[in-house]
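Below you'll find the structure, written out as structure tokens, and then a few comments.
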Amino acid sequence: MVHRALRLAAPAVVALLAVTTACTGTTVQGRPGASGLRDPFFPKAGNGGYDVRHYGLDLTYEPDTGRLSGTAVLTATATQGLSSFNLDLDGLDVQGVTVQGAGARFNRTGHELTIRPAGELEKGEEFRAEVRYAGRPRTVEDGDGSEEGWIRTDDGAVGVGEPVGSMAWFPGNHHPSDKATYDITLRVPQGYEAVSNGELRSRADDGQGRTVFAWHAAEPMASYLATAAIGRYKISTTRSPGGVPVLNAVVPEEAAGSAPALERLPEVVDWGSRLFGPYPFASAGAIVERSGTLGYALETQTRPVYSGAPEVELVVHETAHQWFGDSVSPASWKDMWLNEGFATYAEWLWSEQHGGVRAQERFEAFLDGDTDVDPSALEDWAAFPPAVPPGPARISDAPVYYRGAMVLHRIRQEAGDEAFFDLVRGWAAERRHGNATTADFTAYAEERTGQDLDEVWDVWLYGQDRPKAPRR
Ligand code: TRP
Ligand code: ZN
């Protein structure tokens, strides 16, 4: 770390260093960081050679024109000597880049923004990269036809990023394996609200017709879970009986319709805390957009985005994601069932613990295609094994959700309730604020329950054939 400053100041030292290393055969020569993390489904998502620790976004948005402008400051650690490194950014104009305060060269190819710092970065060095950018962020169409990225609404916009849309509104290391903390500051015209992840640190008038909202997300977050929502929301705050602060932002049109489900959010947070272990973040809440804005809900960290008034089951689903997906995040996009299987099973558990259908009955309904018990029972839940989606366009398909939930129910059948709930809590604690692969989970499940679960993995999780009702 010291060496870099020295080297810039004293070229003689550089020469000396080069000689020394030539003799020892090692090299201090940096090389370009990889342009992708080789995710099985999104190989170019994320970048190699560094780890982001913190994002500081300071963004101004003009709802009338759709223009976003500002800076992204990344604090990162080089994991190799770097002559250059990439960030992911899809669209927008880059106006300038500095690294360690010094102007850096950059160029762009597709969604790769390549930055060449004035001086090389050493392995282990912490550095600060600042990108100044502006433009009208784009809406990204996913493999399955749904929209993400930056989505304009009647009176504002919302940024959502699963799986790869966040690069449409800020530059970064856009892969869930590189989690970081965030400070997101949003500057919007007076009369608008601007909501993001975490806690509102301040809300101020900038004296020039704008309101400045400073949001702080203290716990590590995968970039696909970041959000910025601008609009004329009704804001309400409360606290769960267990003490978790809740902040909801709801478009006026959906306020009445959302009330029944949102009134239960504090209870859902505490229910999850009892079942899955302590709520993993410093706050909770919801952002409710008009119906049709997204066509889906997203578990953006601490504050999920809903597209229209949610039912309580959907609130349960997105809240469960705070443990499974947000705190324990997938190591790759192939491990999606670790998110959706758990969040779906949480709905099944909520139902059976609140006088509704029991999970066993629902499990059987899927096997039998009984839509009286669950309207989704006839969806093609067996089309592929949840741990092996056939491709990136299929990670939000029925098997990832329902067969994923059935995997968990099979574990419960084998291990019994006590060991099963101990496993669920243990898993959330073991990988809290981290990442996990499917193999991490199966190993942990066997160790924690003491059961041989090979049949569950072979037939339900990895098997190509439609599973049959287990003999019991
Ligand atoms: N994660 C969301 C949910 O179930 C659904 C979703 C939105 C999704 N976008 C996606 C799933 C992209 C996979 C990929 O709550
Ligand atoms: Zn989900």
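Below, all heavy atoms of this structure are taken into account, side chains as well, without hydrogens, waters or symmetry copies. Source: prediction; values computed, not measured. Every number for a ligand or one of its atoms is a count from 1 in the order of the listing.
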What about Phe324 and Phe276, are their ring centers closer than 6.0 Å? yes
Considering heavy atoms of the protein only, find what lies nearest to atom 5 (C) of ligand 1 and give residue, atom and distance to 0.1 Å. Tyr401 OH, 3.2 Å
If we number the atoms of ligand 1 from 1 as shown, the ones under 4.0 Å from a heavy atom of Met336 are 11 (C), 13 (C)
Proximity flag Ala297 to ligand 1, non-hydrogen atoms under 4.0 Å: yes
Phe281 and Tyr279 aromatic ring geometry - parallel, tilted or perpendicular at 30°/60° bounds: perpendicular
Could you identify the single nearest non-hydrogen protein atom to atom 7 (C) of ligand 1 and state the distance to 0.1 Å? Tyr296 CD1, 3.3 Å
Of all the heavy-atom pairs spanning Gly149 and Trp169, show the shortest one and how long it is. O-CD1, 4.1 Å
The Zn ion (ligand 2) to Glu340: any N/O/S contact under 2.8 Å? yes
Atom indices of ligand 1, in the order listed, that fall short of 4.0 Å to a heavy atom of Glu299: 1 (N), 2 (C), 3 (C), 15 (O)
Should the ring pair Trp457 and Phe441 be called parallel, tilted or perpendicular, given that the plane angle runs from 0 to 90° and is split at 30 and 60? perpendicular
The NE2(His317)-the Zn ion (ligand 2)-NE2(His321) angle, to 10°, is 100°
Are Tyr345 and Phe420 an aromatic pair by the rule of ring centers under 6.0 Å? yes
Hey, does Asp142 come in under 3.5 Å of ligand 1, counting only N/O atoms on both sides? no
Students often mix this up, so state it plainly: with edges at 30° and 60°, are the rings of Tyr55 and Tyr182 parallel, tilted or perpendicular? parallel
Any atom of ligand 1 sitting under 4.0 Å from a heavy atom of Trp333? no
Would you call Glu148 a ligand 1 contact, heavy-atom distance under 4.0 Å? no
For His321, the ligand 1 atoms whose distance to one of its heavy atoms is below 4.0 Å: 3 (C), 4 (O), 15 (O)
Could you list the atoms of ligand 1 found under 4.0 angstrom from a heavy atom of Glu318? 3 (C), 15 (O)
Using the ring of each side chain (for Trp, its six-membered ring), is Tyr224 parallel, tilted or perpendicular to Trp333, with breaks at 30° and 60°? perpendicular
Glu162 to ligand 1: N or O pair under 3.5 Å? yes
With heavy-atom distances below 4.0 Å as the criterion, list the atoms of ligand 1 near Glu340. 1 (N), 2 (C), 3 (C), 4 (O)
Under 3.5 Å, is there a donor-acceptor pair between the side chain of Arg303 and the main chain of Ala284? yes
